[in-house]
Undergrad: 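Take a look at this one; I'll ask things after.
For ligands, and for the atoms within them, numbers begin at 1 and follow the listed sequence. What you are looking at is a predicted structure, and each value in this text was computed from that prediction instead of being measured.
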Amino acid sequence: MHPLDLLFLRAAHDRAAHRRAEPRLVDDLLKEPGTRILVLQGDQVATAGPRVAFLAPDDVAHLAVGAHLFLGEADGVPYLAAVLARTAPEPALGSVPEPGTGWAGLRTLDVPDLDQGLAVEAIALARWHETHTHCPRCGTPTEVAQAGWVRICPEDGSHHFPRTDPAVIMAITDADDRLLLARGPAWGTDRRSVLAGFVEPGESLEQAVVRETAEEVGVVVDPATVEYRGSQPWPFPASLMLGFRARATTTALVRQEDEIAEADWFTRAELGAAIAEGRLSPPGRSSIARALIEEWHGGRVGD
Ligand SMILES: [Zn+2]
């Protein structure tokens with residue numbers, strides 16, 4: 001069930017996880033002229049015109065690549081990511097041979113599903129490597145294995161796998177079907193979104209929805225109404241956003257002031273008017289927050 005139309009769910013490749021265990025997979029693929037390589041640095045991927053730039057091994061041989069990661073296959077073509085060190089002085093920009101080459105972040109990338117899926121996977125995996133360089137047990141620098149899908153500690157042999165942090169995001173409505181929207185303290189004064197928060201250790205998703213709503217705005221949610229609507233990878237840096245809707249049994253708003261600057265209940269007419277008059281900006285088109293709001297609204301908002 002994926003009722004929500006979500007940008008980062010688009011993918012058209014097979015991760016081919018069974019190949020990760022092949023010895024020297026990355027080295028072998030770098031010798032095959034048919035391998036295609038996505039170049040990334042931090043949150044940015046190299047682009048060529050309206051596509052992600054998929055380069056041949058010879059095209060990236062001169063780049064200062066920190067790590068190659070195996071992303072999978074599509075139509076018999078193997079795909080790697082070449083991760084440039086964040087400190088590298090953007091070598092790919094001037095040296096990638098195709099015209100129209102540049103860099104783009106995931107949030108602005110408007111590309112076919114194949115490119116989108118590979119870019120999300122590459123950036124999420126690369127960011128995990130960037131921040132998990134040492135063994136959490138003994139502090140020894142770990143070594144990359146399984147074509148980028150495991151890090152192994154040479155001291156104690158422990159294996160460490162890419163992490164994803166679950167976060168709940170929820171469209172809370174009251175008995176009159178008004179929607180709860182709030183503003184974070186660091187946001188622009190017109191911005192509003194649904195509530196969200198990280199799942200804590202030992203907690204179910206449903207419990208997290210109820211707890212976060214109570215903490216942030218003092219509203220009681222009926223746990224029996226918490227309904228899963230869909231998920232969205234959000235690799236900024238490593239979240240998996242799990243979308244819900246749920247019904248509140250109270251409406252009085254008591255804000256947790258360091259997290260919530262403003263919070264209000266909106267009818268559909270009130271939300272539509274606030275957006276039309278420029279008093280309120282909904283979340284970005286690519287976000288699950290926007291999808292949850294539009295699902296409640298029964299159609300697109302802000303167009
Ligand atoms: Zn260790």
Undergrad: Should the pair Asp190-Arg183 be classified as a salt bridge under the 4.0 Å nitrogen-to-oxygen rule?
TA: no
Undergrad: If we count only N and O atoms by modelled type, under 3.5 Å, do the side chains of Glu121 and His13 hold a donor and an acceptor together?
TA: yes
Undergrad: Just by modelled atom types, is the Arg247 backbone N or O under 3.5 Å from a matching donor or acceptor in the Thr225 side chain?
TA: yes
Undergrad: Below 2.8 Å, which protein N, O or S atoms neighbour the Zn ion (ligand 1), ignoring water?
TA: Cys135 SG, Cys138 SG, Cys153 SG, Asp156 OD2
Undergrad: Any cation-pi pair here, Arg245 with Trp296, using under 6.0 Å and within 45°?
TA: no
Undergrad: For the side chain of Thr250 and the backbone of Val220, is there at least one donor-acceptor N/O pair under 3.5 Å apart?
TA: yes
Undergrad: Output the rest of the hydrophobic cluster of Phe198: all Ile, Leu, Val, Met, Phe, Trp and Tyr residues reachable through side-chain heavy-atom contacts under 4.5 Å, sorted by chain and number.
TA: none
